[in-house]
Amino acid sequence: RKAMAPSRPDDAAGGGSRAGAEDDARIEQFDALVERGMASMAARAWAEAKATFDEALAVDAKLEGPSEISVERADVAYNMACCLAQLGDLAAARRWLRRAALWGVQDVDPANDADLAPLRRADADAWRAALEAFAFLYDDDDDDDD
């Protein structure tokens, strides 16, 4: 499970314009949905959490180009993987886990995340393949022989 910080001031247009106010409202709605999804995860209400994260992603709809993906969206993708794993939809969970890695999720440890345990138990080869997208997290810079 990926804890998420509320508020995305770097995405806000601000400035008092109508577009800025709409962006601010969208950001507030996204943050509220994410908080609700996290609360559902904490309560182990996986289906409710997944539905809430789906709604948050719809509010924050963006193209999937690298410059368009927010860190918060990557965090939601990781949490979707956790929810789907707990719900038993392992193929979708693996897709969301890879998406989270591609979108740049940070500060996670999928190899030890209890919410992803169903993925680890189901198919060792598929689990290793899914983790390959997270190799950057496990690269050890201390392996130098110098």
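Quick note: residue numbers are just sequence positions, from 1.
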Side chains of L84 and R95: closer than 4.5 Å at any heavy-atom pair? no
Counterpart residues, side-chain hydrogen bond (donor to acceptor under 3.5 Å, both in side chains), relative to E48 (two or more places apart): S40
Any side-chain heavy-atom pair of Q86 and R44 under 4.5 Å: yes
Using every non-hydrogen atom in the two residues, find where A56 and F30 come nearest and quote the distance to one decimal. O-CD1, 3.3 Å
Taken to the nearest 0.5 Å, the spacing of E55 CD from R36 CZ works out to 5.5 Å
Considering all heavy atoms of both residues, which atom of A93 and which atom of A85 are nearest to each other, and what is their separation? CB-N, 3.5 Å
Donor-acceptor pair, distance only, cut-off 3.5 Å: does the side chain of R73 make one with the backbone of L57? yes
Closest heavy-atom pair, A74 versus G104, reported as atoms and distance to 0.1 Å, is CB-C, 4.1 Å
Interatomic distance, CG@L97 vs CG@L131, rounded to 0.5 Å, equals 7.0 Å
Just verifying a value: how many Å separate L87 CG and K50 NZ, rounded to the nearest 0.5 Å? 8.0 Å
On a heavy-atom basis, the closest approach of L119 and L90 is CD2-O, 3.6 Å
Would you check if W103 and E72 make a side-chain contact, meaning some heavy-atom pair closer than 4.5 Å? no
Taking C-beta and beyond as the side chain, do Y78 and L116 meet within less than 4.5 Å on heavy atoms? yes
List the atom of D115, the atom of P118, and the distance in Å for their closest heavy-atom pair. O-CD, 3.7 Å
Calculate, to the nearest 0.5 Å, the distance between atoms CE and OG1 belonging to M80 and T52 respectively. 10.0 Å
Which atoms form the tightest heavy-atom contact between M41 and F53, and what is the distance? SD-CE1, 3.5 Å
Would you say D123 and W127 make side-chain contact, with heavy atoms under 4.5 Å? no
Sidechain-backbone polar pair: R120 side chain, D113 backbone, donor-acceptor under 3.5 Å: yes
